2 protein chains.
Amino acid sequence: MAPRTRKSERRTEALSRERIIEAAVELLDTAGEGGLTFRALTERLATGPGAIYWHVANKDELLDAATDAVVAAALATEPAGSPDSPRDALNAVALGLFDAIDEHPWLATQLATQFSRGPWKSVTPRILESIGRQVRALGVPERRWFTVATVLMHYILGAAGQNAVNGRAHGPGVNRDEFLGAVSTAWKELDPDDYPFTRAVADQMPGHDDREEFLAGIALILAGITAVPPPPRSHRARR
Amino acid sequence: MAPRTRKSERRTEALSRERIIEAAVELLDTAGEGGLTFRALTERLATGPGAIYWHVANKDELLDAATDAVVAAALATEPAGSPDSPRDALNAVALGLFDAIDEHPWLATQLATQFSRGPWKSVTPRILESIGRQVRALGVPERRWFTVATVLMHYILGAAGQNAVNGRAHGPGVNRDEFLGAVSTAWKELDPDDYPFTRAVADQMPGHDDREEFLAGIALILAGITAVPPPPRSHRARR
DNA sequence: ACCTGAACACCGTTCAAGT
DNA sequence: ACCTGAACACCGTTCAAGT
C-alpha cells in the first residue's frame, strides 16, 4: 500500500545489481510476472534502461537472479531453529520453500522455467543441497541419495506451487475457500464415466489443511525410504 | 527439414480451431516456446491475425489448448496395452507423460504455468484421473487418494521436465551425455563446505539410465504407500 | 566507470472493412 | 459467418552520447 519510491523522488543510493534485483522482486510480488518490465523498472529506479543493462545482461538473467535471491533467503532462515531430528529438519526446509512460494507465487513458474534455462545453475544445487543433507542425515544409503532427494524436490516444488495458486484470489472478492469450493464443484460436474476418480477426490479436497496435506505427502515419501532400505536379506516377518 | 506448408501455397482446408492448434504445436516443437508468435502462425496458416482471433480468444487460450491436446494424446495411447498389474499400468501412464514431455519440451514449462492459469482446468483433471485410477487399483485407502495421486503427479511432471531439459542439446553440438557430464563437472567445482551433498551426488548422476532412474522414483513412492497403510487408530507406540 | 534516453525491431491484440 | 490487413500500444534491447 505505502509507495516506497515515487517517480519524483531523487535516487539517493547509487544503482547497483542488488538494488535492481530488489526492485524486480518487489514488482513481481505486487504486479505478478507480467508486472516486471524494463519500463516499470526504470520508473521505480528513476533511471533509464541503459543503466539497468549495464548491471544486468538481460531480462532472463534478472529473473534468474531474483529467483535465486528469494530462494536463498528462504533456505537461510531454517538452520536457526533447533536441529531436532532429520525429519523435522527436512520438514522445516520443505515448509520454508512452501512459504516462500506462497509469498512469491511467481516463484513456482520461475523455478520451472529456470530448470530449463540455466539448466542446473545456482538455484537447483541450492535446493538440492538443503534437501539432500537431511536425506543423508536420515540414513538413506548413498546409492539412493539422488533418487530420494529428487523425488522430494519435485514434490515440494510442485505441491507448493499448486498451493500458491490456490492461495491467490482469482477474480475480485474470491478467497481461498471459495476458490477451492469452486474447483471442487467444477470437478463434480465432470463426466462420471470419464472422471470417476477425480469426482471422488473432489469431495475431500477442499476440506483439509494445506500445510498438513503438504507434510502428509512428505511423510508418505519418507515412509517409502524407510520401508525399502536394504531389501536383499532379512525376511522381516511383518504381517 | 521438409517444409510442410510454404507461404506461396494456397490454403486448401478451411481455417479451424483444430488446424490452428495443430500449427501451434508444430511451431512449439520446432522453434521452442519463443517460436510461437501470431506472425509465425499467420504465415504458416496463410492468413491474417484477425482470422486466428476469430477461432481462439488469445494466446493464453491457444497455449492451453495446445498443451491439452498433446497431453490428451499421450494419455490416450496407454490403455491399448495389457492391463497387467496396477503398478505396470501406473508405470505406463508415467512413461507416457515422460515421453510426451521429452518430445515436446515446452510442455514442462507450459504445464507449470497452466496450473496457475486456468487453475484446475482441463489438463489437470486429465492427468490426475489417469494417475488416480491406478492409485485406486493399487488398493490405497480412499482417505489417502488425494495425497498419493498428488505426490505421484508432481514427481512425474517434475522429473519428466528435468529429463527433457537434459535431452535437449544446449549449444551447438552438445549431446545428452556431454551435457550431463558438464553439469556433473560444474557441481564438483562447488564449494566443498557449502555443497557436500551435491558434490557427492554429482558423481553418480551422469551414470544412470534416465527411464530407470525415473521409474525408481515412482517405485520409491509406491513403497511408501504399501508401508503406511492405516496409521490413524492404533496407539502408535513408536518412540 | 556509470548513466541517459531516443530509437529499433518485434510482439499481442483490435477493428473497420470486405466476402 | 468468416476472413483481411493496417494500425495501436507495448515490449526487450541497443547504442551514440554524455558525465
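Reminder, nothing fancy here: chain letters follow the sequence lines and each chain counts from 1. Source: prediction; values computed, not measured.
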Suppose we define a pair by two distances each less than 3.5 Å, Watson-Crick or G-U wobble; what does D/dA1 pair with here?
C/dT19
Base partner of D/dT13, which must satisfy Watson-Crick or wobble distances under 3.5 Å
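Here D/dT13 is engaged in a pair, and the nucleotide opposite it is C/dA7.
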Can you tell me how the ring of B/Phe115 sits relative to the ring of B/His154, calling it parallel under 30°, perpendicular over 60° and tilted otherwise?
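The rings of B/Phe115 and B/His154 stand perpendicular, inter-plane angle above 60°.
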Can you check the [X] [atom1] to [N] [atom2] distance for me, whole Å?
X	N	atom1	atom2	result
B/Trp54	C/dT19	CH2	C1'	14 Å
A/Leu27	D/dC11	CG	P	12 Å
A/Tyr53	D/dC11	OH	P	12 Å
A/Lys59	D/dG12	NZ	P	4 Å
A/Asn58	D/dT13	CG	P	5 Å
B/Leu63	C/dG12	CG	P	10 Å
A/Leu41	D/dC11	CG	P	12 Å
A/Ile52	C/dG5	CD1	C1'	12 Å

Name of the residue among B/Glu61, B/His55, B/Glu22 meeting side-chain hydrogen bond (donor to acceptor under 3.5 Å, both in side chains) with B/Arg17:
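The side-chain hydrogen bond (donor to acceptor under 3.5 Å, both in side chains) with B/Arg17 is passed solely by B/Glu61 among B/Glu61, B/His55, B/Glu22.
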Using distance alone, with no hydrogens and no angle criterion, decide if B/Asp29 and B/Trp106 have a side-chain donor and acceptor under 3.5 Å apart.
yes
Verify whether one side chain among A/Asn91 and A/Arg211 offers a donor that lies under 3.5 Å from an acceptor in the other.
no
Look at all strands and tell whether B/Leu36 reaches a base, only sugar-phosphate, or nothing, counting heavy atoms closer than 4.0 Å.
sugar-phosphate
According to a strict under-4.0 Å criterion, is A/His55 in side-chain N/O contact with OP1 or OP2 of C/dC3?
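Yes, within the criterion.
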Quick test of your reading of the model: are A/Arg133 and A/Glu129 salt-bridged, counting only N-O distances below 4.0 Å?
yes
Choose from D/dG12, C/dA6, C/dG12 the nucleotide whose nearest atom is closest to any side-chain atom of B/Thr37.
C/dG12
On DNA chain D, nearest-nucleotide positions of B/Gly50 versus A/Gly34: which is more 5'?
B/Gly50
Let me spell it out: for each of A/Ser16 and A/Arg39, pick the nucleotide of DNA chain C with the closest heavy atom. Which residue's pick is nearer the 5' end?
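That would be A/Ser16.
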